[in-house]
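Inspection log for the structure reproduced underneath, given as structure tokens.
Reminder, nothing fancy here: chain letters follow the sequence lines and each chain counts from 1.
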Protein chains: 2
Amino acid sequence: MDISVDCVVFGFDEDELKVLLIEQKQPDGKSAIKLQKAVPGDLVDENESLDQAAQRILLELTSLKGIYLKQFHAFGDPDRVSGLKDRDWLRSFRTHPERRVITIGYYSLVKMDDFNPQAASFAAKAQWVDVYKIPSLAFDHNNIVDQALQVLRHELMADHIGFELLPEKFTLSQLQKLYEIILDKKLDKRNFRKNIMRTDTVTPLEEKQSGVYHKPAQLFKVKRPRKTT
Amino acid sequence: MDISVDCVVFGFDEDELKVLLIEQKQPDGKSAIKLQKAVPGDLVDENESLDQAAQRILLELTSLKGIYLKQFHAFGDPDRVSGLKDRDWLRSFRTHPERRVITIGYYSLVKMDDFNPQAASFAAKAQWVDVYKIPSLAFDHNNIVDQALQVLRHELMADHIGFELLPEKFTLSQLQKLYEIILDKKLDKRNFRKNIMRTDTVTPLEEKQSGVYHKPAQLFKVKRPRKTT
DNA sequence: ATCAGTTAGTGTAAAATTTACACTAACCTT
DNA sequence: AAGGTTAGTGTAAATTTTACACTAACTGAT
């Protein structure tokens, strides 16, 4: 039985919430198998923890480094990787293509600008895809992404994660838009601000926005240092 | 790499919150190795889902059947089973005792009266142990239990699980005591009742307590059918 | 039969939180 | 100077949360 890690990396670009998907490489020799998209994921190595595996795998497939990934669920259906659609690809890239694979799902939230995914290893491409327009994915990855999104929304409300997605200096409107996009619903401006202020996680800077077409907004920064690990 | 499931089964007996622990069987031949307690857990079979594995393993080790178990976290430290204290036992009971094992933690909440654990397989004993007096356990099981308890408390508040722990007919005082014991803090009687009523999960029966030494309480039952699966 | 002991059951006022809602301020462009 | 655009701010009503104390109904003992 093999163990893998799958990384659902959500990215934000002040307009859209996207997920980082790779396109599986065409197996050598095979000519016209259907290319599939998937969430970056691979087998866990012998001497690394799950958290480390998640970091490494994301790096190997997409060149993204230093992203905080959080475990959210294990997916262990006996035949989650034995669908016909995935057979050819597994045969080309896995030492034991028939083996059952249990995967641990990780998710993360980053700002897209900071990270420029570069496909490598068995990934042919790595690209950001709109969360609300995800095509049919390899394995059970549609399910994995769905569940990650649920967890993300929940965590966003409960723990006010999400500053990761913004530039170091940001306006409250940007922050609000972020919430609206992730939660997929509109929020009230005044109430939103009250909420954020109450959490005491941001501080105003001495600085304002500039170069904008309208009243410049107060810039803020995150108060507590961003999570690492 | 092996995959296991560990089941943290919490039991309630109207006074205490306990966890179901097994005592590992003495390996044949070995005479005086230190017997360790652990949470019931074992390797996942080739053709079962994780959920099924949790059910089977709990049944095999403790004879408990039909308990709703919920996955809560994967534990994958590379050497979580390679401590000296666990070596002898692994050698006796595992085909590949040196192998790394990643485990998926499950938890559950049951009423003790309904379930009479009977040790079997490699479990020498199966017994309920007070949650607040847990000894040092095998592997990383202390950590696993701690985390399960956190999740349990969280779920209790959020989703008002916990009726499982009571007889079919129960009084609100019993229910309150249950909450108090799990959360390990006192609650206000009137506010508690308001809360429970607001959730609309219980209905009063036409029946009252009898044979008690004091004013008999109204009996209630759970409104929505208990979760299965 | 009465009394003492025990747990059941109930309401309300104050505080805190959440919700809904509309106008002025400051910058840019023309 | 005027028009367009987003920033920023307060309050009243509704809801939720919290703190708190007395009466009711049974049993067992006298």
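Distance, B/Leu187 CG to D/dT18 P: 11 Å, rounded to whole Å.
Ring geometry for A/Phe192 against A/Tyr179 counts as perpendicular: the plane angle is over 60°, on a 0 to 90° scale with 30° as the lower cut.
In this structure, CG on A/Asn191 lies 10.5 Å from CZ on A/Arg198, to the nearest 0.5 angstrom.
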Using a 4.0 Å cut-off on protein heavy atoms (strictly under), produce a 5'-to-3' string for nucleotides 5-11 of chain D with B for base contact, S for backbone-only sugar-phosphate contact, and - for none. BBBBBBB
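When every heavy atom of B/Asp130 is checked against every heavy atom of B/Glu16, the shortest pair comes out as OD2-OE2, 3.1 Å.
A salt bridge links B/Lys223 to B/Asp200: at least one charged side-chain nitrogen sits closer than 4.0 Å to a carboxylate oxygen.
Map A/Gly211 and A/Asn195 each onto its nearest nucleotide of DNA chain C; the residue landing nearer the 5' end is A/Asn195.
Using a 4.5 Å heavy-atom cutoff, the side chains of A/Tyr106 and A/Leu50 are in contact.
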